[in-house]
There are 2 protein chains.
Amino acid sequence: MAREAGVSIGTVSNVLNGTARVTEATRAKVEMAIGRLGFVRNASAWSLAAGRSSTLGFVIIDLSNSYFLDIARGAEREAGKTGLNLLLANSDLSESKQRTYVDLFVEERVAGILIAANHGSDQRLHKSARGVPVVMVDAPGDHTDVCSVVPDNIHGGYLAAMHLIEHGRRHLLFAGATALVPVRDRLTGVERAVAENPGVVLEVEQTRDVQVEDGRRVGDDVALRRTAERPDGVIAAADLLALGVLQSVLLSSSLRVPEDLALIGYDDNRAAWDSAVPLSTVRQPGEEIGLEAVRLLLEELETGTESHQHRMVTCEPALVVRASTIGQEGAGIASTSLAPR
Amino acid sequence: MAREAGVSIGTVSNVLNGTARVTEATRAKVEMAIGRLGFVRNASAWSLAAGRSSTLGFVIIDLSNSYFLDIARGAEREAGKTGLNLLLANSDLSESKQRTYVDLFVEERVAGILIAANHGSDQRLHKSARGVPVVMVDAPGDHTDVCSVVPDNIHGGYLAAMHLIEHGRRHLLFAGATALVPVRDRLTGVERAVAENPGVVLEVEQTRDVQVEDGRRVGDDVALRRTAERPDGVIAAADLLALGVLQSVLLSSSLRVPEDLALIGYDDNRAAWDSAVPLSTVRQPGEEIGLEAVRLLLEELETGTESHQHRMVTCEPALVVRASTIGQEGAGIASTSLAPR
DNA sequence: TTGTATGCGTTATCAA
DNA sequence: TTGATAACGCATACAA
């Protein structure tokens, strides 16, 4: 390579990195040679010599959930600003795969690792990353030894409930699997909103999971009730759940959405965009979470892992108003004027 | 590291790779040191010295499409059998990102690269990969200078049409954007089935795209027709399209699915799993495509890129029968007894 | 401004 | 069975 250009190896390095000043003539010679040989820099050798890497790794628990893909997008964009690339690894809900991929990224000595892991058992995953900075994404719980970014599910639940209440709904039904931490948080927010509004009644219906089929059962239940006992507003803990409610209500009763029953979901999943009645929902701040995660990573990268003070960043969800809670007028993303907490 | 263990650097390498025979005592010493220091092998140095890598790269055009995620799963599983890891890069429909990530993987000197690219402009993307084996995935067209794996869309269309015909449908409507190559192929298969069955009439309705909203328009059209002019079987070029048809027909008419109108989609998208009436569809052989792609890659890896003979592998889709085409009886994956071509 | 030498962490070869 | 040493392709510091 240096031979082809007729210059020294150090000079080549200089034109490649713009380290020192190089004559226009020599630069041209080198660039000629690059084109002729189709030279591509060897990242392995580069990061070995330079002692740093230009890629970040993101271990994602479930890529089929568009929420995590949104996080990846946000992270990718923020990383790009610093010239960093983002590589993804899909752990597909498997803990062993999570370990494998974290290990892989550590072996590759990537600049930093993002982990979106199982809520249950991720507590020590980041410890595998000897020396490589890690940020846990969407990981509830106290983390004093690692940075993390989480969505504010409590405020999200609050937003959903307040929206229904402000539109005159007085009998709310919250449906969801409260065994799941995020669902529990959302319920907490709903309860807070209800507590702030005397006269509003809240009912909670447990579901097994938060899938479409669970929602259908909830919808069937609601559809069968007498008018007096029927809620006029349903908050589903997830969009898929809401989708099931909607299907069941629309097909097995003459109830109208939103006139007889306002319905709001959670997540702003792609799956919910195209429902028969467009679904109001609470949008997860996916891209923002990704962005903040990368920022934390860079922060730790600069200050050095040793003297770095770990912290948790919370991102706020936003209300998305569509047809399932109000009429045609004024659909769109609501102002986020309701401050969290 | 070698110092910590009190042995030589070469010995450490031997116990790590099991290259040469090592005394049980020295092995123990080394393993002690590994545990003590929390040693993790440096992949950069490894692939630099060994001249090969243990990871594959997959540049994916659109991770929000579950089809590509299926391909990734298949590829990951097959790669795992050989001890290779699969890293993902989401190019999000952007050609420049595709280039960026292909370049990145080449720089990293991964063992091989899988590319799922835009149908239009991917024709020379693999040329960027100087020396690194590439397999194009889901890339229609003639590729004499690169291996590729494609689904058999013609046969898929044929399967869908034959299914409706065998269940007594005589007036078929194919809806889709035939500007898209895969859609055109599916239509070709449908036409073939119709040609084989005298008495069956085929109508083609052009759509702008293959999204839910396009499907709604088709559904509205069908719902408004008089009985005599109405098709009794609809083949939608994609599941989202079918979803739109279903929504519109169910909500704006009294037509029953499948009694009055049989409906079949294409892709087996997640989005279609949970529709009000479960959607019959043609399942893309996603995992198989990923598997075959990795096999081609390994093949090229063994024979050497020079003497390698590039080829194209075709994977067969499968009919998935759900409630939208027949009654409750016999739902499930049909036998694939209908041979392609 | 350009060339030269050293080292990054590992494998692989050969000598001990 | 083990130790020493030369690559691998690059950055970097220093000499020319």
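Within every chain, numbering begins at 1; the chains are lettered A, B, ... in the order of the sequence lines, protein sequences first and strands thereafter. Below, each value reflects all heavy atoms present in this structure, side chains not excepted, and no hydrogens, waters or symmetry copies. Small disclaimer: the values here were computed from a predicted structure and weren't measured.
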Q. Just by distance, do the side chain of Thr23(B) and the backbone of Thr26(B) share a donor-acceptor pair under 3.5 Å?
A. no
Q: Of all the heavy-atom pairs spanning Ala117(A) and Gln98(A), show the shortest one and how long it is.
A: CB-OE1, 3.4 Å
At a cut-off of 3.5 Å, list every protein nitrogen or oxygen paired with a nitrogen or oxygen from nucleotides 11-15 of chain C, distance to 0.1 Å.
unit_1, atom_1, unit_2, atom_2, d
dT11(C), OP1, Asn17(B), OD1, 3.1
dT11(C), OP1, Asn17(B), ND2, 2.9
dT11(C), OP1, Trp46(B), NE1, 3.2
dT11(C), OP2, Ser13(B), OG, 2.7
dT11(C), OP2, Asn17(B), ND2, 3.3

Q.
When you measure from the side-chain N and O atoms of Ser8(A) to the phosphate of dG3(C), is any distance below 4.0 Å, counting only OP1 and OP2?
A. yes
Q: Answer yes or no: are there more than 12 heavy-atom neighbours, outside Arg311(A) itself, under 6.0 Å from its atom CZ?
A: no
**Q.** Arg3(A) CZ - dG9(D) P separation (whole Å)
**A.** 11 Å
Q) Where each residue is assigned the nucleotide of DNA chain D containing its nearest heavy atom, which of Phe39(A) and Gly6(B) is assigned the position nearer the 5′ end? A) Gly6(B)
Q: Specify the separation, in whole Å, of atom CG of Asn42(A) and atom P of dA7(D).
A: 18 Å
Q: Tell me what Thr26(B) touches on the nucleic acid: a base, only sugar-phosphate, or nothing, going by heavy atoms under 4.0 Å.
A: sugar-phosphate
Q. Choosing from dT10(C), dT2(C), dG3(D), which nucleotide comes nearest the side chain of Ala20(A)?
A. dT2(C)
**Q.** Lys/Arg-Asp/Glu bridge criterion (N-O < 4.0 Å) met for Lys81(A), Glu78(A)
**A.** yes
Q) What are the two closest heavy atoms between Ser64(A) and Arg270(B), and how far apart are they? A) OG-NH1, 3.6 Å
**Q.** Presence of salt bridge, Arg41(B) and Glu107(A), under 4.0 angstrom
**A.** yes
Q: Starting from C1' on dT10(C), measure out to CZ on Arg109(B) and report it in whole angstrom.
A: 17 Å
Q. What is the distance from CD of Glu108(A) to P of dC8(C), rounded to the nearest Å?
A. 21 Å
**Q.** Nearest-Å distance for atom pair CG/P, residues Leu48(A) and dT10(C)
**A.** 9 Å
